[in-house]
Amino acid sequence: MHWEIELLMMLVMITAALIALHIRSLLAAVVTLNIFSFMSAGLMVSMGAIDVAFTEAVVGAGAVGIFNILAIFCTTRSSLD
Amino acid sequence: MMELIRGHYVYLLLVVLFLIGLYGMMVKRNLMKKIIGMSILQSSVILLYIASGFKDGATVPVLDPALGPDYPNAYLNPLPHCLMLTAIVVAVVTLGVSFALIIDIYRNYGTIEEPLLLERMKDEE
Amino acid sequence: MIGTPIPLLIPITYLFLSLLVPLLGWWRASAAWAATFAGAAFAAFLSFAGLEKVLTEGVLHYRLGGWPPPIGIEFVMDPLSAFLEVVVTGIGFLVLLYARRSVAVEMPERAVPFASLALLLLTGLSGMVITGDLFNLYVFLEISALAGYALVAVGGRRASFSAFRYLTMGTVGASFYLLGLAFLYITQGTLNMADMARLLALQGYSVPVVSGILLMVLGASLKMALFPMHGWLPDAYTHASSAATALIAPIGTKVAAYVMIRILMLTGFPPIIGWIAWLAAAGILAGSILAIAQTNLKRMLAYSSVANVGYIALGVCLAHPLAFTGAVLHILNHALMKAVLFQAAGGIAQKMGTLHLFRLRGLPARMPLTTLAFLIAVFSMVGIPPTGGFFSKIYLLFGTIETRSWAFLVVILISTLLNFFYFFRVIESSFFRPDRGADLKREPAAEAGRRDEMSLSMLLPMLVLAAAILAVGIWNGPIVEGVIARGVPAF
Amino acid sequence: MTDSVLLQVVFLPAAAAVGMVLLGPRAGKAAGWVTALVLAYTTARLAHAGAALWGGAPPIREDYLVLSPEIRLAFLADGLSLPVAFIANVLCWVLSLFSQHYIAYRIEGIYGPLPPRERWRYTSRFYALFLLFPIGFAGVALATNLIAMYFFLELLTLALYFLMAYFGYIQRVRIAMMCLLWGIFSAVFFLAGSLLVYSQTGDFEIVRLGTVAGTPAAPWIIAVFLVGLFAKLAVFPFHVWMPWVHAEHPTCIAGLLAVYANIAAYIIVRALVLPLYVDFQPFGPPILVLALVTMVYGSLLTLAQSDIKRIAACSTISQIAYSLLGIGALTAVSLEGGMFFFLSHIMGKTVFFSTAGIVVYVTHVRDVRSLGGLAARMPLTALLFLSGAMMLSGFPPFSSFAAEWILFSGIFERAARDDLALAVGLIGVAAILLTVAYTFQAARRVFYGPLPAGLHAEAVQDPPRSMSIPLFCLVGLSIALGLYPEILMGLLRPVISGALPALP
Amino acid sequence: MKSASTSPIIQVAIRGLMPVIQLVALYVFFHGHYSPGGGFQGGVLLAVSVMLGRLALGMDMSQVVFRTGIAVGLSALGVLIYASTGLAALLAGGEFLNYAFLPIPGLDPPGLRNLGILLIEAGVTVGVMMALIAIYDEIVDSRGEASATATPEPEARRMEDVRKPREKGVDPGPEGPERTPVAP
Amino acid sequence: MRKSFHWLLLLALGVLLALAVCGLPARGDLKAPSHRAINPAGAPVAGTYYIRHAYADARTPNMVTVILADYRGFDTLGETLVVFTGSVSVLFILRRRKP
């Protein structure tokens, strides 16, 4: 029924994953990873796992986002590959 | 064939995601990138479990007073959800520890690029 | 009826103490250590009591939360897990005794978190051994893994980078395990080990099941550093602090090996074991050869660990009772040997100021007791009869003979020769400096350096372990007949 | 036997060694005498047991430790193992007395003038290691289990390693390592052979080996064992280590080294020939040829040496080949002769080598070319040296004459039906001449002719009594055996001739 | 990040946001029995609110201030609450974590289980919140330290770079200190 | 060389995983083994048991919470312990001063 949405979200996730791995700027990579995590939360919702989706959202946007940015500020913003 | 794809396309795409994550960990030389690959890897496994808990035409695993508990096929399988909550927590904490390690590495060597790191380690000897 | 709580109490003791230690640490570090020792001793005592009970009364089950097995989580103590539990808790206790002083010398400001992490590691390891639930195993695996990453990360300047590698490899291993478990869960619908074993025996193998098992075994092999996946291990062991290495090296990889054994056992030794056996054989040779190329004592020991993990995997994958016995006995032996060797290495680094193989001149005169323990462990490592190492090797050899796998027999024999070579290099350089070329040079009292042993609290655990190596050799009959034979599955 | 003679023989030295390790420098002064005392006691016990056996008592068997169902520690003293253990023990006793002065000189030579405490520390260390040899020899000779035998072989290898590396000559550490690796190489093959036996019989007992006879596995078992034991025996392709080791070890253990190498001949007889006589037949001719090659090669090599220690080393290569010749001929008489020769040879080698050691000890010179004319100054030593030379080359009053006689009569007995044996036997007899040549050439060079100017004449005199008297005892024993070989043959014959089945 | 953000907009926004997040967190925690959510999510949200405060307002200005060691200790306390609940059941005669045996009078087993779940969720909340805050604080602290002492190696390299040409008597030039000493 | 090895490894793993995944029951299939009530060995299947009994056992409508905190409570204890381990680890790794 709503498998089109799921497929779209999966494709966005894969794209986000590839971008996050390929982009030079780590800050951008981390933001892309946030998109990835948000999409995976959406996918979880669409598959009915609301608890997990909620956790993923809270963790992905909140804790991991903050940690990621903190780590980048503590180290370096750009990557060689 | 179409049947197989409709039933399994999520699994197949998750396998692709798993491989992307593994690729990031193996090929990328920046430590942060490796960590990003690691998150992707873990996410794909988590989603695989979630997908396995799905049932056609079922609702979320919160008891619906109108439905009652006697029709198991009316609710999604809650077990994988519960398991994946744990897995997500584990993934987050692993991430936190790896950040601590990256920061420590940066403090010692001033870089988080693997080739440069190895070079500087060699210089040290 | 609620069964005896012994299976529960072993990991729970560690768990509570790991939580109490930071709280006690606010007050006084010595209190934290006292609690650590008391807890570790209690857990060791419990595991001995548990082993005794298992041997007299049969398998112990403990239902957590009161839920019966496929619904809730279950702890199972059968002869095999009880045996492993004794290894983990016993060696854990002795190494913790050693660690206090070692930590005080190497990183005094981190004593309290170290104690807490060590207990967390033991929580994870003892839990992995005793749990009867495949997902619970993963949770314990992650507890021990995280504690392990942290313990490895402090030490030399490079420690954090080697810990990072360990972390990435470990996480990949855990993810493989989880993915494999997903396949098994989706196809069988259960997480309980006993249930899973029954279902697999009933339904046979299919592609997802076999690849699930393969992935889980791959994950376990990553954790146990089986040959092509051993990349993280040498660095991690070399750069970590000596207390951390002495704790992780003996029991960390062994418990991962145990996980592999468990998986293979409950899935009825699927056809993939043939490949793993070849990997293990390659690991035995590669580990031994790489060990010869090292000049750092700890690094050499790390490579020898790679080889020895190969023995264990080989023994399991030959799928024969005798080889299995050898593998399980080798878990015990290798844990004892590596504990002694790494403890000795820690003491040597502390007192001699170097771990370079060719700068250990005068070691026996300065540290006679350490040298004695080291020698016993080396003899066991190369397999000289009255020590334990010989017997695990001979059981493995029996297994290769019974299964007519002559190639593996040759591999083990060759590795014995290689073992001799690299361990006796250490002895050569510490007892007799390698004389380069001509001299009948006067070496006026070069060995007459003053005695400078490790402190007693470090020395004593090491000597006890060294004595245990001999004891295991002499009483290997009762150990094999009384304990291991009961845990050998039907092939 | 209720008082467990054999256990005492094996473990009394072990107890003494442990004591020395624990006491360290405090034991140093007495270490040599304690060792001699312990070995004298064990030798006496063995002699007593041997006499009883000769008088018709049954073989002694003692069971001790069961390490696992397949691995047991038990000792068996029959007519074959008892003489070997006894003679090895006698040699150890002799050398323990001989070593006392030599090792003091050696320690000073290596480590310089030391304070007494350090000197005694080294002395007690030497004797602790020294004591491992009688344990090992007795263990190998008396063991009934292949794994126990393997253990004692490993023990010998390790003891030799440490002894060489501590007290050897210039290249000692490197050579010790090489020797260790050869020893382990041989031990690994021995272990592999044992495992093959296990795979066939499910046991490691030597007596059970007979059940393999006639199976297709038997030749493989024999081949694997032989490779390992040839490496120990320093037979031609595996002889590399022998000259080096002999050149660098402290001379006082030369006799032990000869036993260390040669005891493999005993193992071949005990573990291969006796239980697997029929299956061993095809290996006879190759062994004969190898033995011959080794013998001639070793002799020629010896003639070319000028270092007094190397002379002895290379001679060992050629001498060991004689006992192998006896094994290769595979007749009852030749086997007995081979064993007899093995025992005679180790006695002769001990005397010859130790006398060379005395020369080195007294003159501090190893090169034969800068020696000469010592006979006038050291008559007793010259006498010993000549006796040693005669013992090695098989001159009549000595036991090796009798041994060679029996050995070659065995070979010629085979020669009646085997042309190869005839040829080998003839060349072997001729090769004795080479032995005569090199031993007496060395004697001539060292003891006759003019005294070179470089030597401090006043220092050159006969050594202390404790060095020479034990050697004379050994010469006496050899003469006794030579005059009345039945002492030994009476013990060997029931075990060897009695055990060999008739050939099909 | 120890110092406050200078932008007033962020300050105001965060000050407004923090109580809201905390309120949501408490709701999530208490409503976990009925809707998605529970201890872990509540804990994370609480931690996030505190972390946001620190991120925007600086360590001293945020309302919740502890020493890092204390945060770890509190996290241990949280887990202890959980484990002690289980232990209480064990001591009261049931299995570990069998809430039906909790020594609380006046409740039937399902009610006891309900309460037990609440208790352990509380433990989880405290444990997770404090643990995340501890991780954050440690990272920030170490960073502050690192910037105070400066990363040791590049500093040393720069010094070397400056010194070397001077010894040779060559003017380092304007770009001298900027050169990277490590050959690529 | 190294790079092509990586790709080969990924390819092999990909093929293996794809094969395995295609052997799984289709997503959403009600007859999948993990959705049954009783498994062939005669034991109840956990997921279905939870749906049936969660409310009766703990009077809590959210089944995931009940499983998390009660049926598989030890997993959650382990999970919390993992979080705690993380905090101690970071403390241990980054500590540079006196406690």
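In what follows, chains are A, B, ... by sequence order, proteins preceding strands, each numbered from 1.
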*Run the numbers on B:Val93 and F:Thr85 for side-chain contact (heavy atoms from CB on, under 4.5 Å), then give the verdict.*
CA-CA 8 Å; B:Val93 176; F:Thr85 311; 5.9 Å; no
*So which of B:Leu101, B:Asn73, B:Leu48 has the largest heavy-atom pair count under 4.5 angstrom toward chain F?*
B:Asn73
*Quick one: ring pair (Phe, Tyr, Trp, His ring centres under 6.0 Å) partners of B:Tyr75, sequence neighbours excluded?*
none
*Minimum heavy-atom distance F:Ile67-B:Cys82, with the two atoms named*: CG2-SG, 3.5 Å
*Where does B:Val62 contact chain F at under 4.5 Å (heavy atoms): side chain, backbone, both or neither?*
both
*Part of F:Leu9 within contact of chain B (heavy atom distance under 4.5 Å)*: side chain
*asked:* Can you tell me which portion of B:Thr86 sits under 4.5 Å from chain F's heavy atoms? Options are side chain, backbone, both or neither.
replied: both
*At their closest point, which heavy atom of B:His8 faces which heavy atom of F:Val21, and how far apart are they?*
CD2-O, 3.1 Å
*Begin from the C-alpha positions of F:Leu94 and B:Arg107 and carry the test side-chain contact (heavy atoms from CB on, under 4.5 Å) through to its verdict.*
CA-CA 10 Å; F:Leu94 293 179; B:Arg107 207 154 59 178; 4.0 Å; yes
*Would you call F:Asp29 and B:Asp56 a side-chain contact if the rule is heavy atoms closer than 4.5 Å?*
no
_Heavy-atom pair with the smallest gap, counting every atom of F:Ser34 and B:Ser52_ = OG-O, 4.4 Å
*Is it the backbone or the side chain of B:Leu83 that comes under 4.5 Å from a heavy atom of chain F, or both, or neither?*
side chain
*Distance from F:Tyr50 atom OH to B:Asn77 atom CG, nearest 0.5 Å?*
9.5 Å
*Can you find a heavy atom in the side chain of F:Ile51 that is under 4.5 Å from one in the side chain of B:Pro78?*
yes
_Which atoms of F:Ser89 approach chain B - backbone, side chain, both or neither, heavy atom under 4.5 Å_ = side chain
*Looking at F:Leu30, F:Val66, F:Leu17, which makes the most heavy-atom pairs under 4.5 Å with chain B?*
F:Leu30
*Among F:Gly86, F:Ala18, F:Pro61, who wins on heavy-atom pairs under 4.5 Å with chain B?*
F:Pro61
*asked:* So which atom in B:Val89 and which in F:Glu79 form the shortest heavy-atom distance, rounded to 0.1 Å?
replied: CG2-OE2, 3.4 Å
*With a 4.5 angstrom heavy-atom cut-off, could you sort out which part of B:Phe18 is near chain F: side chain, backbone, both or neither?*
side chain
*Report the option among F:His53, F:Arg72, F:His35 that has the most heavy-atom pairs separated by less than 4.5 Å from atoms of chain B.*
F:His35
_Atom pair CG/OH of B:Leu79 and F:Tyr49 - distance to nearest 0.5 Å_ = 13.5 Å
*asked:* On a heavy-atom basis, which atom in B:Gly96 and which in F:Val90 lie closest, and how many Å separate them?
replied: O-CG2, 4.3 Å
*To the nearest 0.5 angstrom, please state how far the NE2 atom of F:His6 sits from the CG atom of B:Leu22.*
9.5 Å
*asked:* Is F:Arg52 close to chain B through its backbone or its side chain, or both, or neither, when contacts mean heavy atoms under 4.5 Å?
replied: both
*asked:* Please identify, among F:Ser87, F:Gly28, F:Ala46, F:Ala20, the residue contributing the most non-hydrogen atom pairs under 4.5 Å to chain B.
replied: F:Gly28
*If you round to the nearest 0.5 Å, how far is NZ of B:Lys55 from NZ of F:Lys31?*
13.0 Å
_Largest heavy-atom contact set with chain F, pairs under 4.5 Å, which of B:Tyr71, B:Phe54, B:Tyr9_ = B:Phe54
*With a 4.5 angstrom heavy-atom cut-off, could you sort out which part of B:Val90 is near chain F: side chain, backbone, both or neither?*
both
